[in-house]
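Contents: one structure, followed by commentary.
Chain A is the first sequence line, chain B the second, and so forth, proteins listed ahead of strands; every chain is numbered from 1.
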Protein chains: 2
Amino acid sequence: MTETDRRPTTGRVTLAEVAGMAGVSVGTASKALNGSGRMRPETRQRVLDAARRLDFQPNEAARSLLGGRTWTVGLITTDGIGRFSTPVLLGAEDALGAGKISVLLCDTRGDAIRERHYVETLLARRVDGIIVTGRRTDPREPLNGLRGVPTVYALTPSTDSSDMSVASDDEGGARLAVEYLIGAGRRRIAHITGPAHHAAARHRARLTEDLIGQASVELSGGRVHFGDWSEAWGRRAAHTVLRTAPDTDAFFCGNDQIARGAADTLREEGHRVPEDIAVIGYDNWDTMALASRPPLTTVDMNLPEIGRIAALRLLNAIDGRAVSGVETVPCRLVIRDSA
Amino acid sequence: MTETDRRPTTGRVTLAEVAGMAGVSVGTASKALNGSGRMRPETRQRVLDAARRLDFQPNEAARSLLGGRTWTVGLITTDGIGRFSTPVLLGAEDALGAGKISVLLCDTRGDAIRERHYVETLLARRVDGIIVTGRRTDPREPLNGLRGVPTVYALTPSTDSSDMSVASDDEGGARLAVEYLIGAGRRRIAHITGPAHHAAARHRARLTEDLIGQASVELSGGRVHFGDWSEAWGRRAAHTVLRTAPDTDAFFCGNDQIARGAADTLREEGHRVPEDIAVIGYDNWDTMALASRPPLTTVDMNLPEIGRIAALRLLNAIDGRAVSGVETVPCRLVIRDSA
DNA sequence: TCGCTGTGCGCAAAGCTTTTCTTTTGCAGA
DNA sequence: TCTGCAAAAGAAAAGCTTTGCGCACAGCGA
């Protein structure tokens, strides 16, 4: 207790105290701890021992004041850390944490005012870089007023092609699903997906139509069924498709919820999945995909990988090796029992 | 570009530059910007203008070096930011952000080594406080080696009662559900829940048994059905209950997934929900509760509120007004169509 | 006109670490 | 024993902001 009283304002051990205990100057102590400089091994050891005895940890504030780097990056997410941005965030944090970089979390809840505020805060804290992520794959306006702080957009790319973005390969994902279905001999494929104003839905739909056009396969119902991302829509749409095109033998769905709804309807209307009709989902949202009957074959966007690559690009940019443009990360097909 | 070259290592505008432009000393500039000190209004204005022109933001590192406070708190989560810790985290971030405090995110993935590493990092960064949260409501060992940094445990309380913890009122939540069912005239209630080694399951089960014992109501099947937190278990258990106790008129389920599974089985076996049999879930996980047929009446743990209160207690502790012990946050019943 | 009061602003130290430069110490060779 | 060099360790500055203290000057009363 007396000990704590002697301590400076931060309430923590300072290098001067370590140096004092070891009987050397602060400069020498610093060198000893950082392995730089030259000194007698026993001196270094004395400092090391003192540091351990006092449980010394260098003050990062002082360090970054000097070095100009804070070893901190800001992570701005626009969707309350939802199902999509969370895995991205985790992947990023993983890649950064390994390099001793900490993550400042900022959730804007999609509010521009909040976003502005957070950017100011991050800039004031002199973060080394910023990662921006969101809920959707639609491109977004870039952050402004960044004053040269390296920034990478993950999952949600920037509309400015001179920015760095890492996105999911939507078309590749759709290709995986459709080619798998065609390869399995399916010939009448329905595509049920989310709202047409979502880029993800549009891109996957376009590629689905293209691929089906190339193979001698029929797009069941003659058109893509846009709706919303819910199970209810999946159930409704599946019901409609079965009525208008009873010979449909496969459903490619825009996400796992739609797929699950479709699977439920198929089962309830007496069709066997996958024997009679195959179902493929998208997202590989495990709680959904595994709880579905049968468990869903689905496309995984490799979200943690997107976060990881974004973090890597950011680290490169911080080191002055920035690369602009959108890099897409391939998806993979997770095969379970529904197709 | 010439301009940037003149700048110091951090690459950002410094107070000295602002002072230079305004023709005052750095001390005066600081006072002008902080509203402290006394000076001619026009002088203050000149500084303010210069700061805006240069887009000056004080260097937080220098600031905290001086003040001993970093205006940063660490948030340690043990479960990859899952469904439970995320809302808690958001609530906390909300309460802290309003007070100009930033959040350093640390995900330990349940690994003790990682946790140790993160604690070290946070301490080195001189965070003002730490919030610890997890996936389950089972108490956990407290962090050690904190050296007096204020810490609050949210959702997952600490086993040390001298720590500060904010937890969900598990028994109150169970009471809400059971009393609602009894009040609605249900007389044979089944309780299907997760594994008995989870505190949440045990606590709710005990209270359910107690309440049922007090009212002249029967615990359907004579015992609580422990299993796991999945839909599959909900389906299986519901099937069993219906066979062994066909006169069951209500299911209280340990989470929304179990409830949904139970509701599916009930429907498929020809029972109407809620007319014949009521179902109540737990967690109010919207994707689950809303997609269920019918949408689930369920207990909401008010997770963001838990995060908010944890943040408030932490802020108090940082200001020297620490309160030890576990504070429980009440649940609320969200009434939809299943009961 | 002198001295006092008070306002306005500058000076300098504190806060902690890293790094460069300088000084001291120790040893070897002459 | 003295000189010189290398190795070891210390001194000091830089990095940026805040704040207490003190100085200078203006204005006013005597």
Between the first and last five pairs of the helix from C:dT1-D:dA30 to C:dA30-D:dT1, the angle of the axes, rounded to 10 degrees: 80°

Nearest-angstrom distance from the residue atom CD of A:Gln57 to P of C:dT18: 13 Å

Find every protein N or O atom lying less than 3.5 Å from an N or O atom of nucleotides 6-13 of chain D, and list the pairs.
unit_1: D:dA7; atom_1: OP2; unit_2: A:Arg38; atom_2: NH2; d: 3.0
unit_1: D:dA9; atom_1: OP1; unit_2: A:Arg40; atom_2: NH2; d: 3.2
unit_1: D:dA9; atom_1: OP1; unit_2: A:Thr43; atom_2: OG1; d: 2.5
unit_1: D:dA9; atom_1: OP2; unit_2: A:Arg40; atom_2: N; d: 3.1
unit_1: D:dA9; atom_1: OP2; unit_2: A:Thr43; atom_2: OG1; d: 3.4
unit_1: D:dG10; atom_1: OP2; unit_2: A:Ser25; atom_2: N; d: 2.7
unit_1: D:dG10; atom_1: OP2; unit_2: A:Ser25; atom_2: OG; d: 3.1
unit_1: D:dG10; atom_1: OP2; unit_2: A:Thr28; atom_2: OG1; d: 2.9
unit_1: D:dG10; atom_1: O6; unit_2: A:Lys31; atom_2: NZ; d: 2.8

Return yes if some donor-acceptor pair links the side-chain N/O of B:Arg308 with the main-chain N/O of B:Gly91 below 3.5 Å, else return no. no

Crowded around A:Arg109 CZ? As in, over 12 foreign heavy atoms under 6.0 Å? yes

Would you say A:Glu305's side chain and A:Val329's backbone share a donor-acceptor pair under 3.5 angstrom? no

What is the distance from CG of A:Leu15 to C1' of C:dT19, rounded to the nearest Å? 13 Å

Compare side-chain N and O positions of A:Ser30 against OP1 and OP2 of C:dT19 and report whether any pair is under 4.0 Å apart. no

For B:Asn59 and D:dG15, is the shortest distance between a side-chain N/O and OP1 or OP2 below 4.0 Å? no

Test log, rule side-chain contact (heavy atoms from CB on, under 4.5 Å), inputs A:Val24 and A:Thr43: CA-CA 8 Å; A:Val24 297; A:Thr43 307; 3.8 Å; yes

Heavy-atom check, side chain of B:Val13 versus side chain of B:Gln57, under 4.5 Å: no

From the set C:dT18, C:dC16, D:dG15, return the single nucleotide nearest to any side-chain atom of A:Arg63. C:dT18

